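Predicted, not measured: the structure shown is a model, and the values here were computed from it. A, B, ... follow the sequence lines: proteins, then strands. Residue 1 opens every chain.
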Number of protein chains: 2
Amino acid sequence: MGKIERREALLGDLERAQGLEALQATILALRDHFHVDHMVYHWVSSNGEQFGCGTYSDVWVQRYVDHDYLRVDPVITGCYQRFHPVDWKRLDWSSKPSRAFQAEAIAHGVGNQGFSVPIRGPIGQFALFTTSHNCDDEEWARFTEDNRRDLILIAHEFNEKALELQPGRTPEPSRALSPREIDAMTLVAMGYSRAQVAETLSISEHTLRVYIESARSKLGALNTTHAVARALSRGLIVV
Amino acid sequence: MGKIERREALLGDLERAQGLEALQATILALRDHFHVDHMVYHWVSSNGEQFGCGTYSDVWVQRYVDHDYLRVDPVITGCYQRFHPVDWKRLDWSSKPSRAFQAEAIAHGVGNQGFSVPIRGPIGQFALFTTSHNCDDEEWARFTEDNRRDLILIAHEFNEKALELQPGRTPEPSRALSPREIDAMTLVAMGYSRAQVAETLSISEHTLRVYIESARSKLGALNTTHAVARALSRGLIVV
DNA sequence: TTTCCCCTCCCCTAAAATAGCGAGGGCGTC
DNA sequence: GACGCCCTCGCTATTTTAGGGGAGGGGAAA
């Protein structure tokens with residue numbers, strides 16, 4: 001069975017996988033197939049919820065969650081701004097918390113090498129599919145070059161599965177904002193005062209407030225700043 | 001040269017493509033390789049900007065832009081809420097404007113069949129990679145099943161290229177926020193009032209103001225909401 | 001036709017944000 | 001050791017925003 005066929009077979013398995021257990025089993029199979037130490041699918045929702053499956057030790061996962069490493073991990077912060085898959089070497093590990101995190105991660109069995117594929121879903125959903133291994137730079141470069149596309153496809157497939165599994169997704173299906181609301185929120189997010197926004201949109205400030213207020217309620221936000229944050233996270237506005 | 005090798009060669013070409021002309025040339029080569037009528041990469045930003053390349057006729061593209069079909073096209077509205085690639089048949093073409101749009105599209109040479117891969121970038125960027133053809137359902141089903149993964153990869157690759165071409169990205173490298181500033185901005189972005197944030201962080205409200213103020217000045221933001229928007233856009237905080 | 005949403009305008013008060021002036025201790029780098 | 005940055009706290013002042021009402025016309029969809 002050639003490489004291509006094995007790849008196809010594994011992707012087929014992944015496509016047919018149903019449920020969290022199946023995903024967990026698939027990720028183990030994938031790790032074995034690629035001969036790497038770890039593979040992890042990690043989902044981060046905009047409200048801080050996390051969900052994932054993979055081969056990291058339970059201790060490390062628990063520690064990661066408990067210590068809120070989400071906000072420290074350079075893999076997260078780095079990939080959040082990028083679209084293309086990224087080798088961990090290209091991230092910024094220079095800050096002190098980053099280095100401490102890195103040392104701790106390695107101590108918990110995470111490989112010294114890593115490759116993470118960021119994936120984004122419809123409403124600001126953000127996920128990472130990470131492959132990690134313990135080897136030298138050359139071997140890792142060869143691996144990533146050889147398997148880059150497969151890893152992207154696997155990441156894509158995992159995210160599709162994860163979206164299906166996600167139970168309470170879109171309890172409020174995040175009603176779209178009206179054009180005027182988008183205008184208003186965009187300008188507010190750009191830092192203009194309400195008076196300026198109203199003038200820019202050629203409406204009264206009172207009308208503007210109605211837009212902001214209705215956008216806020218649509219987004220389920222607690223206040224204007226929160227509404228702007230949510231609109232941005234969900235890609236409803238761009239600043 | 002077998003099909004797989006041709007595919008690899010084309011993906012390689014795409015990876016190496018530099019500039020808009022190269023992308024345009026690649027998309028023509030891809031269309032020929034897949035024996036379909038049209039392939040289009042279409043980038044849509046929430047503020048109305050559009051950018052794309054593909055094989056649709058100039059007349060149709062112009063008409064699409066002029067008539068603001070973005071807000072009508074079921075392919076756009078449908079894919080915007082999904083993650084997985086979607087066959088046009090599975091979209092909702094029932095509304096009156098949709099049907100009118102569809103008829104007009106077909107009259108302009110767009111195929112009756114279509115397959116669109118949605119892609120999302122870092123800050124609410126949304127793009128579509130569409131393949132369109134004129135054939136019966138059975139042939140199309142066979143095509144999409146055979147080439148689904150390749151199309152996803154191509155879409156991914158196109159978006160990567162498009163993001164590189166996108167001007168104005170990160171012109172000013174903003175100074176990093178301090179841990180405390182990140183805490184403060186994150187909680188503010190989550191909609192808590194200053195009093196709540198201060199209590200959560202166990203600091204006085206005044207200290208909190210200092211953080212917000214210094215974050216605001218670091219980010220070059222006009223006000224708190226603007227600062228939150230910038231911090232989010234730059235991936236400095238996650239909400 | 002009725003209902004729902006969008007757009008527009010106006011009132012109010014309390015809370016929040018902005019702006020300026022300060023202070024001191026700690027930690028790391030040059 | 002000096003400098004810069006981070007963390008913490010104090011004060012006063014003005015301006016802006018938040019959030020709660022209500023009201024009417026228009027357009028699209030059910």
Side-chain angles (χ1 to χ4, degrees), chain A residues 94-100 172-230 236, chain B residues 71-72 74 77 92-101 174-231 236:
Chain A
S94 61
S95 86
K96 205 170 175 183
S98 293
R99 275 201 300 265
E172 277 174 80
S174 179
R175 284 189 294 167
L177 301 182
S178 76
R180 230 35 185 159
E181 285 160 0
I182 290 176
D183 294 341
M185 295 306 287
T186 302
L187 289 167
V188 168
M190 280 164 39
Y192 297 115
S193 73
R194 297 200 305 198
Q196 288 174 307
V197 174
E199 196 189 346
T200 305
L201 296 179
S202 306
I203 55 177
S204 80
E205 195 179 325
H206 311 285
T207 303
L208 173 72
R209 277 187 3 214
V210 176
Y211 293 146
I212 295 173
E213 178 57 23
S214 89
R216 189 184 64 79
S217 103
K218 280 183 182 176
L219 294 166
L222 298 168
N223 54 39
T224 303
T225 302
H226 192 199
V228 165
R230 290 203 151 178
L236 301 174
Chain B
R71 306 201 185 279
V72 180
T77 54
D92 176 21
W93 297 88
S94 61
S95 85
K96 211 173 184 179
S98 293
R99 274 201 300 267
F101 168 79
S174 58
R175 284 190 294 167
L177 300 182
S178 77
R180 235 25 189 163
E181 285 161 0
I182 292 177
D183 293 341
M185 295 306 287
T186 302
L187 288 167
V188 168
M190 281 164 41
Y192 298 115
S193 73
R194 296 201 301 200
Q196 288 175 307
V197 174
E199 196 190 345
T200 304
L201 296 180
S202 304
I203 55 177
S204 79
E205 194 180 327
H206 179 267
T207 303
L208 174 72
R209 289 187 202 179
V210 176
Y211 292 147
I212 294 173
E213 178 57 24
S214 90
R216 190 177 64 82
S217 101
K218 281 183 182 175
L219 294 167
L222 298 168
N223 54 40
T224 303
T225 302
H226 193 198
V228 164
R230 290 203 151 180
L236 301 175

query: Once you round it to whole Å, what is the distance between C1' of D/dC9 and CG of B/L208?
result: 13 Å
- request: Taking the side chain as every heavy atom from C-beta outward, state whether B/T200 and B/D183 have any atom pair closer than 4.5 Å.
  value: no
message: Using whole Å, what does the distance between atom C1' of nucleotide C/dC27 and atom CZ of B/R180 come to?
response: 16 Å
message: So, under a plain 3.5 Å distance rule, would you say the side chain of A/R209 forms a donor-acceptor pair with the base of D/dT17?
response: no
Any A/R216 side-chain nitrogen or oxygen under 4.0 Å from OP1 or OP2 of D/dG19: yes
field: Quiz item: A/H206 side-chain donor-acceptor pair to C/dC11 base, under 3.5 Å
entry: no
query: Angle, rounded to 10°, between the helical axes spanning five pairs at each terminus of the helix from C/dT1-D/dA30 to C/dC30-D/dG1?
result: 70°
task: Please determine, for the side chain of A/T207, which listed nucleotide (C/dC6, C/dC9, C/dA19) has the closest atom?
output: C/dC9
task: With the side chain of B/N223 defined as its heavy atoms from C-beta on, choose the nearest nucleotide among D/dA18, C/dT8, C/dT18.
output: C/dT18
statement: note: A/Q196, atom CD; C/dA17, atom P; distance rounded to Å ~ 18 Å
- prompt: Between C/dG24 atom P and B/I203 atom CD1, what is the distance in whole Å?
  reply: 21 Å
- line: Here the distance between atom C1' of D/dT17 and atom CG of A/L222, to the nearest Å, is 16 Å
field: Minimum-distance pair of heavy atoms, taken over all atoms of A/L219 and A/R230
entry: O-NH1, 2.7 Å
message: Any non-hydrogen side-chain atom of A/R180 less than 4.5 Å from a side-chain atom of A/I203?
response: yes
- prompt: Which part of the nucleic acid does B/R194 contact within heavy-atom distance under 4.0 Å: base, sugar-phosphate only, or nothing?
  reply: base
statement: Out of C/dT8, C/dA16, C/dC6, minimum distance to the side chain of A/V210 belongs to C/dT8
- request: Could you state the atom-to-atom distance from CD of B/E213 to C1' of C/dA19 in whole Å?
  value: 8 Å
query: In whole angstrom, what separates A/I212's CD1 from C/dT8's P?
result: 13 Å
message: If we ignore hydrogens and angles and just use 3.5 Å, is the side chain of A/R194 paired with the main-chain N or O of A/L208 as donor and acceptor?
response: no
field: Beyond-backbone contact of B/R209 with B/I212, side-chain heavy atoms, under 4.5 angstrom
entry: no
query: Between the side chain of A/R216 and the main-chain N/O of A/A221, is any donor-acceptor distance below 3.5 Å?
result: yes
- request: Give a yes/no on whether any side-chain N or O of B/S178 is located under 4.0 angstrom from OP1 or OP2 of D/dC6.
  value: no
- request: From the options C/dC7, C/dC10, D/dT17, select the nucleotide whose nearest atom is closest to the side chain of A/S204.
  value: C/dC10
field: Closest non-hydrogen atom pair, B/L222 against A/M190
entry: CD1-O, 3.8 Å
query: Roughly how many Å is it from CG in B/L177 to C1' in D/dC7, rounded to a whole number?
result: 15 Å
field: side-chain N/O A/T224 vs D/dA18 OP1/OP2, d < 4.0 Å
entry: yes
- line: Contacts of B/L201 and B/T225 projected onto DNA chain D by closest heavy atom; the upstream (5') one is B/L201
query: Looking at A/A189 and A/V228, what are the two nearest heavy atoms and their distance?
result: CB-CG1, 3.5 Å
